[in-house]
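Here is the structure we will look at.
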Number of protein chains: 2
Amino acid sequence: MLTISVDHNAKTPIYKQIFDQIVHHISIGELQPGNYLPASRTMAGILDVNFHTVNKAYDILRDQGIIALSRNKKYVVKNSPMDDLSLHRLEERESEIIDEAFARGFNEKEIHDFITGIIKSRNRKNKGALKK
Amino acid sequence: MLTISVDHNAKTPIYKQIFDQIVHHISIGELQPGNYLPASRTMAGILDVNFHTVNKAYDILRDQGIIALSRNKKYVVKNSPMDDLSLHRLEERESEIIDEAFARGFNEKEIHDFITGIIKSRNRKNKGALKK
DNA sequence: AATGATGTACTATATGATATAGAACATATA
DNA sequence: TATATGTTCTATATCATATAGTACATCATT
């Protein structure tokens, strides 16, 4: 069950909210390679947004190699191992966070604990969804 | 020596480029609590941007408690330990990155190695600047 | 006391990003 | 054939970003 919600009042653009939540569903295994995404008009109807906005989210997901258009004209989740470009972009964003953490007095161990804490709370939330 | 540069063609807003670089200088100890920031007009002249743009960066730094206006009307770097709000914001940004990493097949150890690598390369770059 | 430098507060304008809307088209499916 | 799909185009409205100019209060220096 693909649950996605958008906040029209948030500062985060709607297309990015959609993008982020699809990536999240993939990250917890709720969306797996081979699974189809809803048609952009369908998704737009459910979320009560314009289908162009959904298309923008799908476009970026495709540009990043996370989804692909299959022969039947439907978007499907790909297996998308980390490539150099994605890694580089992720490093830049992570560097900003690490800078802020250090600027506020964190040391290296505290940063690792910070990461561990987020991953643990993630696993707790999706305990039932984990396989095996 | 406070070296800051802006890229007018980058997609990242100029005020955020300035914000990020000041935070970076603090994070590596090149800017320390008690140090003054250049006057916004001075900084703007050096970077060849409008002083309102510098003010916006300073405003956000002040809102986040990273700098403060001292009695002589100059901005000074504060000691700004992690507070609940800052931690929460950082967690949200970090969660996005962790989601993308997991979505691309990283496991928990690979994420920690990813973090460690960034910190190590940071330390290498600033070896000479480290004290003691 | 006077001058200059500082942050701050307003107005204004221009450009790009975001979101919506509608229309049209090619292709795949039923 | 008819429907659903992604895609492409134009168009409009709103907000964020960046620039610009002006004015003012306060602080430091002369």
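Given the structure is predicted, the values throughout are model-derived calculations rather than measurements. Each chain gets a letter, A, B and so on, in the order the sequences are listed, and its residues count up from 1.
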* Comparing Ile14(B) and Pro38(A) on DNA chain D - which has the more 5′ nearest nucleotide ->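 Between the two, 5'-proximity favours Pro38(A).
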Nearest whole Å is fine: how far is [N] [atom2] from [X] [atom1]?
X: Asn50(B); N: dT11(C); atom1: CG; atom2: P; answer: 17 Å
X: Lys11(B); N: dT18(C); atom1: NZ; atom2: P; answer: 13 Å
X: Leu37(A); N: dG6(D); atom1: CG; atom2: P; answer: 9 Å
X: Lys56(B); N: dA9(C); atom1: NZ; atom2: P; answer: 15 Å
X: His8(A); N: dC15(D); atom1: NE2; atom2: C1'; answer: 16 Å
X: Lys16(A); N: dA17(C); atom1: NZ; atom2: P; answer: 17 Å
X: Phe51(A); N: dT8(D); atom1: CZ; atom2: P; answer: 12 Å
X: His52(A); N: dT8(D); atom1: NE2; atom2: P; answer: 11 Å

* Hey, does Tyr58(A) reach any base, or is it just sugar-phosphate, or nothing, if we go heavy atoms under 4.0 Å? ->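 Result for Tyr58(A) = nothing.
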* Asked: Within less than 4.0 Å of OP1 or OP2 of dG7(C), is there a side-chain N or O belonging to Tyr36(B)?
  -> no
* Distance check: side-chain N/O of Thr53(A) vs OP1/OP2 of dT20(C), anything under 4.0 Å? ->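 Answer is yes, contact under 4.0 Å.
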* No-H, no-angle donor-acceptor pair, Arg62(A) side chain to dT7(D) base, under 3.5 Å ->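 When only heavy-atom distances are counted, Arg62(A) does not reach the base of dT7(D) through any donor-acceptor pair under 3.5 Å.
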* Asked: Ignoring hydrogens and angles, are the base of dT7(D) and the side chain of Arg41(A) linked by a donor-acceptor pair under 3.5 Å?
  -> yes
* Pro13(B) side chain, from C-beta outward: closest of dT17(D), dT8(D), dA20(D) ->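 Selected nucleotide (nearest to the side chain): dT17(D).
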* Asked: Would you say Lys120(B) and Glu108(A) make side-chain contact, with heavy atoms under 4.5 Å?
  -> yes
* Asked: Does some side-chain heavy atom of Tyr75(A) sit less than 4.5 Å from a side-chain heavy atom of Tyr36(A)?
  ->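 Not in contact.
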* Asked: Between Tyr15(A) and Ala57(A), which heavy-atom pair has the shortest distance, and what is it?
  ->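 Closest pair (atom of Tyr15(A), atom of Ala57(A), distance): O-CB, 3.4 Å.
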* Asked: Does His8(A) NE2 have over 12 foreign heavy atoms under 6.0 Å away?
  ->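 More than 12 within 6.0 Å, yes.
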* Please indicate whether Asp84(B) has more than 12 foreign heavy atoms, meaning atoms of other residues, nucleotides or ligands, lying under 6.0 Å from its CG. => no
* Tell me which of Asp48(A) and Arg71(A) sits closer to the 5' end of DNA chain C, going by the nucleotide each one is nearest to. => Asp48(A)
* Name the residue closer to the 5' end of DNA chain C, choosing between Tyr15(A) and Leu69(B) according to the nucleotide with the nearest heavy atom. => Leu69(B)
